[in-house]
Protein chains: 2
Amino acid sequence: MSEDTEQPSRGPQLSEQVAQRLSDAIQAGEWGRGARLPTEAALGERFGISRSVVREAISMLRNGGLVTSRRGSGSFVAESPTVSLRLAIPDPGLQSVVEVLELRRPLEVEAARLAAERRTPSQLRRIRNAMVDIDEAVEAGLSGVDQDLAFHRAIAEAANNAHFTAVLDFYNRFLHHAIRVTRTNESLREAFMQQVVAEHQAILDAIAAGDAEAAARAAATHLAHAEARLRQAPTDLLERVEAQRGSTSTSSTEPTGGNSR
Amino acid sequence: MSEDTEQPSRGPQLSEQVAQRLSDAIQAGEWGRGARLPTEAALGERFGISRSVVREAISMLRNGGLVTSRRGSGSFVAESPTVSLRLAIPDPGLQSVVEVLELRRPLEVEAARLAAERRTPSQLRRIRNAMVDIDEAVEAGLSGVDQDLAFHRAIAEAANNAHFTAVLDFYNRFLHHAIRVTRTNESLREAFMQQVVAEHQAILDAIAAGDAEAAARAAATHLAHAEARLRQAPTDLLERVEAQRGSTSTSSTEPTGGNSR
DNA sequence: ATTTAACATCTTGTCTGACAAATTTAGCGC
DNA sequence: GCGCTAAATTTGTCAGACAAGATGTTAAAT
């Protein structure tokens, strides 16, 4: 008789406990995919808590991609639950950037290899266009960083495996936040640009020829050189994000982020 | 003087809008890292909403890793904001698993290479122990899957780059959810086990010897063979997660058509 | 009988007010 | 200044109410 409610042991965060227990229950299959779970009131009674806490708990699960809620209808177990990878953005430093590049390199190399094997004509065209865009941007006096990223993304897309684009986008977001490249050092750019263009061309040629190993080698070379360039001039390329720490006055000037590929 | 509150345009979800605007404000640097943001009451007045909505919005940001809240103190912008990668777990099918393995392979290969270069003595010892654990588990009649994963994880750890362990763990979670390895087919295991042990031994030897290229080659071989083994006997290794759909009420849902590839 | 429209009911979203718990701040004695 | 206590502040939780949509039922119309 007294076991109507599952006693909530008081602890660090009540709503967190409830979210955990709900998550466990879903994981255990108490409610299958897409099934509607009990109303907030019912859950509140079951766990012996108020509706507020139930709502916060469900909100957590919702943000975790485990449930979805429809107003007037109810909350439902998500059709496709998700796993998530979270990456803290530390105080930007050369070390963390290098570690990420270390991981990204084999991915881009493999993407180039797969792209050489699988690229469709239209995907090949898109890679070519991206290369042209880099030239145009550079000649227009822009940094061309965005176009450079687009070039690499086009290659990843041509690998025809969505996970490559997802992971590479993920780490590009990290790099975008972690690095602030100063207005591109003109002399640096001049010196590097020819080399970068040549390396890009080599990758493109290999992919166009369908030569997987050559594409992989070209990509490996390009990325190794890019990392070397980054290591070589770190003080010019890395800048602490201290504007974030300052006051509210810093107007939203977004210094064109990027790296030196 | 009607501009005291930023008019909330009604839309899909009020709390979501507020969360978005708060996120934007933080992103724009209105409050720097670690700074305390206004009280819930103040934010409610600012946005012209009630405290409930403010709380839900902050809850979203908190679950997104953008803010942290301390009872009695306030809510603060997180010291280290995060970027997140989410991966939906689809109806398990061979295709999605193969795509993930395709991405995991170059990572594990690179991890083996780095491990050969950087492993500490204790890390090498841990890899050895993991290999012994596999044998013991198999001899004890277990599947040894967990121990196999631990072996690969030990290698990733020996690479001394936290991103490798993070990403590989991430995809292992995906695989763990997407695949249901049936009670290991004994005959299959018997046939494969010797080969697997030999391949593991090759990786370990190369890492122990500090031969990076040999380690990479051994890992590549191992993973290629593993994928081949998976392709070869997919029906034995893949199993639909249909227990999830069963229990409560499976009315009005498509009958989960066969995704045979 | 089938379709359509109005209605009642249910569920989540939001509002309001209150109290509890924990932290921060202020005050006070010394 | 330092240590202690008390008050003020702030998030966490509770309770009740209404609004906004969605669902299901009933009645009307053809």
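Every value quoted in this text rests on a predicted model; they were computed, and no experiment measured them. Proteins come first, then strands; the chains are lettered A, B, ... in the order of their sequence lines, and each starts at number 1.
Here D:dC14 is the nucleotide among D:dC14, C:dT11, C:dT24 with the atom lying nearest to any side-chain atom of A:I49. Comparing C:dT14, D:dT10, D:dT13 by their nearest atom to the side chain of B:T39 picks out D:dT10. Considering only the side chain of A:S75, C:dT12 comes nearest among D:dT23, C:dT12, D:dG12.
One can place CZ of A:R70 at 11 Å from P of C:dT12, the figure rounded to the nearest angstrom. Between B:F47 atom CZ and C:dT14 atom C1' the separation is 17 Å, expressed in whole Å. For the pair A:F76 CZ and C:dC10 C1', the interatomic distance rounds to 12 Å; values are reported in whole Å. Straight-line distance from the CD atom of B:E16 to the P atom of C:dT12: 17 Å, rounded to whole Å. Rounding to whole angstrom units, CZ of residue A:R71 and P of C:dT14 are separated by 6 Å. Here the C1' atom of nucleotide D:dG21 and the CZ atom of A:R36 are 14 Å apart, to the nearest Å. Look at CD on A:E40: it is 15 Å from C1' on D:dC18, rounded to the nearest Å. The CG-P distance, from A:L37 to C:dT11, rounds to 12 Å in whole Å.
With salt bridges taken as basic N to acidic carboxylate O contacts below 4.0 Å, none links B:R105 and B:E99. A salt bridge links A:E56 and B:R62; the closest N-O separation between the charged side-chain nitrogens and carboxylate oxygens is under 4.0 Å. Ion pairing between a basic and an acidic side chain is recognised when a charged N comes within 4.0 Å of a carboxylate O; A:E79 and A:R33 show no such pairing.
B:F164 is linked by a ring-ring contact (aromatic ring centres under 6.0 Å, His included) to nothing, counting only residues two or more places apart in sequence or in another chain.
Closest non-hydrogen pair, A:E102 versus B:L114, comes out as OE1-CD1, 3.6 Å.
Contact annotation: A:S15 reaches the phosphate of D:dT13 (side-chain N/O to OP1 or OP2, under 4.0 Å).
A donor-acceptor pair shorter than 3.5 Å cannot be found between the side chains of A:R118 and A:N161.
For the pair B:R70 and B:F76, the cation-pi test (distance below 6.0 Å, angle within 45°) is passed.
DNA chain D lies under 4.0 Å from at least one heavy atom of each of the following residues of residues 50-67 of chain A: A:S50, A:R51, A:S52, A:V53.
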